[in-house]
Asker: 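This is the structure, below, for whatever I ask next.
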Amino acid sequence: MIIKQLTLENFGIYKGRHEVDLSIKDGQPIILFGGLNGGGKTTFLDALQLVLYGKHAKCSNRGHQSYGSYLTSTKNRYVGEQEQVEITLTFTHTTETTTNEFIVKRSWKTNTKDVKDKVMVYCNDQENTHLSQYWDEFVNEFIPLSLSDLFFFDGEKIENLAHPDRSADLIKTGIENLLGLDLLTQLHIDLNNVERKRKSDNLDISTMEKVTVLEADIAEQSTIVTSLKKDIADLEKHASDANVSINKARQKVRSAGAHLIEERDSIKFELGAIEEKQKTNLAERVKLDAGCGPLGLIPNLINAAKQQITKEEHATQAKVIQNAISEYESTIKQTLINESVPQKALNALEATMDKLALQRQTLANTPCYIDTHISIFNGLDEKIAIDSKERAKLINQREQLLEQQALYEKKLESIPDYETVQHLLSELAVAEAELKNNLVLIKNKQQLLQQAQVRDEVLSTRYANLLTQQNRDTFEQKRSIQVAEHISKLKTTMQSFAVDLIKENIQLLEQHIKDNFYDLNRKKNLVSNIKICPKEFTITLIDTNNNNMPTSRLSAGERQLLAIAILWGLAEASGKEIPTIIDTPLGRLDGKHRSKLVQNYFPYAGKQVILLSTDEEITGQYYDQLKPSICREYHINFDEQAQTSTFTEGYF
């Protein structure tokens with residue numbers, strides 16, 4: 001099936017008539033739509049599902065509305081009461097070697113109390129009344145409703161499919177549909193009915209009354225089980241939507257800085273602590289400066305003082321020994337004269353003594369104004385060095401405190417007032433409360449479902465025992481018993497056949513999913529293998545050490561990629577030529593994961609791929625990487641003056 005054209009008339013945000021050419025070329029399977037949030041991308045996706053499936057469509061905002069109420073709500077609010085809403089889908093479908101073109105028109109008016117839609121189907125430009133009347137049954141030949149999740153999905157919600165329970169349901173539905181096991185299930189139900197009827201033929205009147213009561217109880221219990229399963233499915237969808245709302249609300253809160261409000265008191269406390277540390281730091285520096293620290297600023301003056309003290313000590317010594325040396329020198333000269341030393345030697349000795357005397361006299365005349373001992377400087381250099389290191393340490397600590405103070409003051413300035421972000425926090429709280437409430441309700445419903453299923457099994461066992469207790473000897477009764485026994489054996493054989501068929505095909509699906517996950521994920525050593533349980537259909541990841549790895553260990557982006565790999569694998573295994581339509585294709589993925597998706601998935605996701613992107617997803621390098629595979633580009637933009645969204649050629 002390849003879509004050629006979609007026409008919207010007064011549907012949702014689209015006022016008037018809008019036609020979109022969706023035909024593709026060989027080698028260019030992608031049709032790219034760009035639009036801002038609220039512009040009409042999801043409405044476009046809803047229109048595709050609604051025109052195909054009608055009341056069974058899984059539209060985004062239907063909720064618990066009845067089909068008539070939902071049809072009424074989809075009408076554009078700016079058109080007249082008499083105007084009708086119409087969606088027209090043109091597509092081609094190939095069976096063996098024959099290709100036919102189909103046009104499906106679904107229209108309705110909202111000016112009546114009981115709103116109903118009308119379907120008209122054309123095959124090769126000829127109206128086909130039979131197809132029009134039974135379209136809900138025929139549509140499963142083109143895109144089975146049970147497989148629609150494989151080809152129509154929202155990229156933001158796709159991560160939830162990586163949850164073990166959700167993925168198991170999806171894989172089970174896909175496998176059963178692909179292998180035709182849904183026919184075996186229906187055959188199993190039909191055989192049960194025949195078996196019960198055959199066994200009931202052997203009952204007497206008293207037993208028949210008990211059987212009637214039990215049949216009523218079984219029917220009632222079956223209704224309860226079905227209702228509980230539907231309630232659980234609805235609640236899980238609401239929980240999934242609530243989870244998406246929480247993520248969006250948290251992003252808004254973080255963008256507005258509201259998440260920092262709770263840190264205000266903590267930041268003020270830290271600022272107070274920093275101020276106290278600064279005061280202590282200042283006191284320590286003042287204490288250092290009050291000691292010998294300032295002397296470190298005048299090393300030359302201290303050295304001069306040391307030299308002056310040494311000179312004064314030498315001058316004092318010179319004054320003390322001056323007279324003694326003079327007498328000593330006189331004695332020496334007299335002795336030499338008495339010994340008749342030559343006059344020349346005496347003259348030389350006298351000159352030397354006069355020179356030494358002059359030096360002593362000069363030293364003795366040195367001015368003395370310090371009058372202290374050199375010992376006062378003992379240990380001063382070491383103390384100055386220690387204080388200098390301590391001072392440098394305190395100055396460095398002060399600079400760090402100033403940096404911390406500036407950082408916390410900047411944080412404090414960035415915290416918004418509570419009144420300005422109160423609505424964002426309230427929105428987040430409401431979404432979280434809704435999710436919590438849904439989870440509690442799901443848990444309660446699951447407990448009720450388990451109880452109901454146990455009671456259903458008990459009633460079925462009683463019913464079977466009651467049917468087999470009668471044992472009349474007539475030929476017809478024996479024949480009925482034999483037929484019932486053969487049916488029981490046939491059901492066992494069918495069950496074994498289904499199990500064997502699943503085992504044979506499950507490995508192929510495992511390989512598809514593993515290969516696709518490898519192509520999409522940037523961590524090549526994260527997962528070594530992927531296994532699917534043929535009974536429970538749960539997925540088990542195997543790490544590089546050959547140990548089981550829960551999907552909870554994957555990041556949100558990796559879970560989204562795993563879910564896409566599952567959908568992609570099921571779609572490949574289906575062998576059906578069905579377009580793949582993705583809303584918000586890149587979601588919350590990081591850059592490398594986006595590149596993997598753009599390069600390895602979108603061009604190969606199907607023969608026709610329709611992407612509905614915001615302006616923050618397929619841009620820049622991602623657009624350039626995707627460009628060779630793009631056949632058509634459209635921009636969905638809301639026109640305030642015309643009060644409608646429109647399709648224009650060209651991407652943003």
Asker: Could you go through Tyr634 and Tyr651, starting from their C-alpha distance and side-chain angles, then the distance that decides it, and tell me whether this counts as ring-ring contact (aromatic ring centres under 6.0 Å, His included)?
Answerer: CA-CA 5 Å; Tyr634 293 103; Tyr651 180 67; over 10 Å; no
Asker: Has Glu427 got a side-chain atom pairing as donor or acceptor with Ala249's backbone, closer than 3.5 angstrom?
Answerer: no
Asker: Spell out, as yes or no, whether a donor-acceptor pair under 3.5 Å connects the side chain of Asp21 to the backbone of Gln5.
Answerer: no
Asker: Does any N or O in the side chain of Thr74 come within less than 3.5 Å of the main-chain N or O of Leu71, such that one atom is a donor and the other an acceptor?
Answerer: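 Pair found, side chain donor or acceptor close to backbone of Leu71.
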Asker: Which residue pairs pass the salt bridge (charged side-chain N to carboxylate O under 4.0 Å, His left out) test with at least one member in residues 433-454, sequence neighbours excluded?
Answerer: Asp231-Lys445
Asker: Using a distance-only test with no angle check, is there a side-chain donor-acceptor pair under 3.5 angstrom linking Asp515 and Gln511?
Answerer: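 Checked: Asp515/Gln511 side chains pair up, N/O donor to acceptor below 3.5 Å.
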Asker: Is there a side-chain contact between Lys230 and Leu228 in this structure, where contact means two heavy atoms from C-beta onward sitting under 4.5 Å apart?
Answerer: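 No, too far: nothing below the 4.5 Å cut-off.
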Asker: I want to check something: taking the side chain as every heavy atom from C-beta on, are Glu649 and Arg632 in contact at a cut-off of under 4.5 Å?
Answerer: no
Asker: Would you mind listing every salt bridge (charged side-chain N to carboxylate O under 4.0 Å, His left out) that reaches into residues 23-36, with sequence neighbours excluded?
Answerer: none
Asker: Main chain of Tyr14, side chain of Ser645: is a donor-acceptor contact present, judged purely on distance under 3.5 Å?
Answerer: no
Asker: Within the side chain of Ser132, is there an N or O that forms a donor-acceptor pair under 3.5 Å with the backbone of Asn128?
Answerer: yes
Asker: Check Ser528 against Lys514 and note the closest heavy-atom contact, atom names and distance.
Answerer: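 Minimum heavy-atom contact is O-CD, 3.9 Å.
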Asker: Do the two ring centres, one from Phe102 and one from Tyr122, sit under 6.0 Å apart?
Answerer: no
Asker: Passes side-chain contact (heavy atoms from CB on, under 4.5 Å), Val119 versus Val104? Steps please.
Answerer: CA-CA 7 Å; Val119 179; Val104 182; 4.3 Å; yes
Asker: Would you give me the side-chain donor-acceptor pairs under 3.5 Å for residues 32-44, sequence neighbours excluded?
Answerer:
residue, atom, partner, partner atom, Å
Lys41, NZ, Gly35, O, 3.2
Lys41, NZ, Leu36, O, 3.4
Thr42, OG1, Asp583, OD2, 2.8

Asker: Do you know the tightest heavy-atom contact between Val139 and Asp136?
Answerer: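 Taking Val139 first and Asp136 second, the nearest heavy atoms are CG1-O, 3.4 Å.
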Asker: With rounding to the nearest 0.5 angstrom, report the CD to CD1 distance, Glu633 to Ile30.
Answerer: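 Reported to 0.5 Å precision, the distance equals 10.5 Å.
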Asker: Would a 4.5 Å heavy-atom cut-off, applied to side chains only, mark Pro29 and Ser629 as touching?
Answerer: yes
Asker: Between Arg106 and Thr88, does any side-chain donor sit less than 3.5 Å from a side-chain acceptor?
Answerer: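 Judged by distance alone, the side chains do not pair up.
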Asker: Which heavy atom in Val609 sits nearest to a heavy atom in Ala605, and how many Å separate them?
Answerer: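 Heavy-atom minimum between the residues: CG2-CB, 4.0 Å.
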Asker: Between Thr92 and Thr99, is any side-chain donor less than 3.5 angstrom from a side-chain acceptor?
Answerer: no
Asker: Without swapping roles, check the side chain of Gln608 against the backbone of Leu22 for a donor-acceptor pair under 3.5 Å.
Answerer: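 Side chain of Gln608 to backbone of Leu22, a donor-acceptor pair under 3.5 Å: yes, one is there.
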Asker: Tell me if the OH atom of Tyr604 is crowded by more than 12 foreign heavy atoms within 6.0 Å.
Answerer: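 Atom OH in Tyr604 is not packed in, count stays at 12 or less.
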Asker: Looking at every non-hydrogen atom in both residues, tell me the closest pair between Ile3 and Phe91 and how far apart they are.
Answerer: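 Reported closest heavy-atom pair: CA-CB, 3.8 Å.
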Asker: Does the side chain of Phe11 reach to within under 4.5 Å of the side chain of Leu50, using non-hydrogen atoms?
Answerer: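 Side chain of Phe11 against side chain of Leu50, heavy atoms only: contact under 4.5 Å found.
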Asker: Where the side chain of Glu617 meets the backbone of Thr614, is there a donor-acceptor pair that is under 3.5 Å apart?
Answerer: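 Pair found, side chain donor or acceptor close to backbone of Thr614.
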Asker: Which pairs count as salt bridge (charged side-chain N to carboxylate O under 4.0 Å, His left out) when at least one residue sits in residues 604-613, sequence neighbours excluded?
Answerer: Glu577-Lys607
Asker: Would you please name every residue forming a side chain to side chain donor-acceptor pair (under 3.5 Å) with Asn100, sequence neighbours left out?
Answerer: Asn124
Asker: Is there a side-chain contact (heavy atoms from CB on, under 4.5 Å) between Leu48 and Ile581? Walk through the geometry before answering.
Answerer: CA-CA 9 Å; Leu48 284 172; Ile581 303 167; 3.3 Å; yes
Asker: How about Phe652 and His635: do any of their side-chain heavy atoms sit closer than 4.5 Å?
Answerer: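 Side-chain contact under 4.5 Å: yes.
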Asker: Is a side-chain donor or acceptor of Trp135 paired with a backbone partner of His130 at a separation under 3.5 angstrom?
Answerer: no
Asker: If the condition is side chain to side chain donor-acceptor pair (under 3.5 Å), which residues does Thr644 pass it with, not counting sequence neighbours?
Answerer: His18
Asker: Considering only heavy atoms from C-beta outward, does the side chain of Asn516 approach that of Tyr601 to under 4.5 Å?
Answerer: no
Asker: Just wondering, do Leu626 and Ile618 contact through their side chains at under 4.5 Å, heavy atoms?
Answerer: yes
Asker: Closer than 3.5 angstrom, by distance alone: can the side chain of Tyr67 be matched with the main-chain N or O of Asp117 as a donor-acceptor pair?
Answerer: no
Asker: Any donor and acceptor pair, going by atom type alone, linking the side chain of Gln49 with main-chain N or O of Ala57 inside 3.5 Å?
Answerer: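 Not confirmed, Gln49 side chain does not pair with Ala57 backbone.
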